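Just below is one structure, and these are the notes that go with it.
Just so it is clear: chains get the letters A, B, ... in the order the sequence lines come, proteins before strands, and each one is counted from 1. Computed from a predicted structure; not experimentally measured.
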Number of protein chains: 2
Amino acid sequence: MASGVATNRVVADGPPAGDPRAAAGSKAAYPQPTTARPAPRDHTARAAEIIDTARALLEEIGPRGLTMRKLADALGMRAPSLYKHLPSRSALEVALVEHGLDEIGGALHGALAKSTADPIGALLDTYRSAGLANPQLYRLVTASSFPRGQILDGLEAWAGEPFFLATGDSHLAQALWSFAHGTLILELDGRFLGGSDLDRTWQAGAKAFKAACDASNPGGVTSPASD
Amino acid sequence: MASGVATNRVVADGPPAGDPRAAAGSKAAYPQPTTARPAPRDHTARAAEIIDTARALLEEIGPRGLTMRKLADALGMRAPSLYKHLPSRSALEVALVEHGLDEIGGALHGALAKSTADPIGALLDTYRSAGLANPQLYRLVTASSFPRGQILDGLEAWAGEPFFLATGDSHLAQALWSFAHGTLILELDGRFLGGSDLDRTWQAGAKAFKAACDASNPGGVTSPASD
DNA sequence: CAACGTGGCTAACATTGTTAGCCACGCCGC
DNA sequence: GCGGCGTGGCTAACAATGTTAGCCACGTTG
């Protein structure tokens, strides 16, 4: 029970059965998005202000340092007053995570919309950039202990959809996402050897998955191993 | 400073330069281990008892639930008495993590020693099994917030070495490790879609990396894509 | 002008890790 | 035998955490 029951997941098993666009895309040769982008949750103006401040503070001092009293301090008020605008610290985290998922999902969908030549490479680059730009937020979004059940319905699925769109296969999509997340979190946590050239680590994975994608999807759009 | 300065890392950049065994292995065609297994840290008998209890409790109630008072309760004593045997809760976590790294590293090295036919497949299977057998310990070992600098010198490098041994290339090794960690932590956290067949997700990644390994190491030992 | 919702405050509580200080017990040297 | 002392337990207490209760000033609205 420690990690709760997760009802929302990233990387759907593919588009709903029988969707015509998935096979008959007009312009791009890979499937078109079929998941709707969930509308962001409504917050009071003051609540939004608090969440913004929390986000800035989060990047400064990390998830553990982000305490209700410090957050209140940064806003020129006392901790209990925060509860006039947010029900709990956990709700604040949910808001931050939803922010993060919306941003990262937007970036991934955007990357796929632009680059049709090398979707997997574009996806990985975008994923990595998004994480490096907001490391603490990325850590929070992917924290094991997070109460994932409270996140906006469909948000995680929408944010993860690009991995399916880029590979055309749900298991390859999950494997690619796993690689991206694993590499990013290990990079953020400084777990690779000091002198390592991480660009090449990402490239090694990208190359492997591009090849696997070509193999599972002959005549598809992913460019032949380009390295 | 939130995540500390990591001085020990997993997956070394390869064996020390000039090591003869790396190129001229006698029996197996892939490199032999060159990193020494660090001796476990010494603990008092009572300290070891505490650590064992902590480990059992960890799997029951998770890292966040594992509090000094609950641990003391489980041992029939009071929280402050724990400090007669361990300097801090953080030191306890370090001990648990070292336990975990030693076990997982042992399993990985063992797997490579047995199976020379499909080292990458064996490695991934072993990694996954080890994590699924002790999910909370795995979470702790790979937690972002962990003070990694205090871990026994060389332990992480030794535990990660098999990834290099199996691939023969440091960047491919890091990418493979990233995939393994990413997939495992996402599986443990229940972040894949409910109905997903995770065996196939692992297989998809394994296949991609085996092919990449063959490509970067022609005539090597990894078996040709066997699905 | 009275009523009331909004949004701040202080005081306080439980839980966490942790420290200080006390004491019972068993072993060692005389 | 016995005094001293280290070992390992205890209670009391502190600071920091999330959170609740209860108070009050202010602006809007009937």
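A heavy atom lying under 4.0 Å from DNA chain C marks none of the residues of residues 47-56 of chain A.
Atom pair A/R64:CZ and D/dG18:P shows a separation of 11 Å (rounding to whole Å applied). Rounded to whole Å, the distance from CG on A/D73 to C1' on D/dT17 is 14 Å.
Taking the six-membered ring where the residue is Trp, B/F209 and A/F209 present perpendicular rings, their angle passing 60° and hence far from 30°. Between A/Y127 and A/F163, the ring planes lie perpendicular to each other; the angle is over 60°, past the 30° to 60° tilted range.
Between the CD atom in A/E49 and the OG1 atom in A/T53 there is a gap of 6.0 Å [rounded to 0.5 Å]. Here CG of B/L184 is found 6.0 Å from CG of B/L132. Values are rounded to the nearest 0.5 Å. Between atom CZ of residue B/R139 and atom CG of residue B/L137 there is a gap of 11.0 Å, rounded to the nearest 0.5 Å.
Heavy-atom contacts from other residues, nucleotides or ligands closer than 6.0 Å to CZ of B/R200 number 12 or fewer.
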Quick one: what's the B/S/- string for nucleotides 10-24 of chain C, heavy-atom cutoff under 4.0 Å, read 5' to 3'? BBB---BBBB-----

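Looking only at atom types and distance, the side chain of A/T183 has no donor-acceptor partner in the side chain of B/Q174 under 3.5 Å away.
Counting only distance, with no hydrogens or angles, the side chain of B/H109 and the backbone of B/W158 share a donor-acceptor pair below 3.5 Å.
In this model, the phosphate group of C/dG8 is approached by a side-chain N or O of A/H85 to a distance below 4.0 Å at OP1 or OP2.
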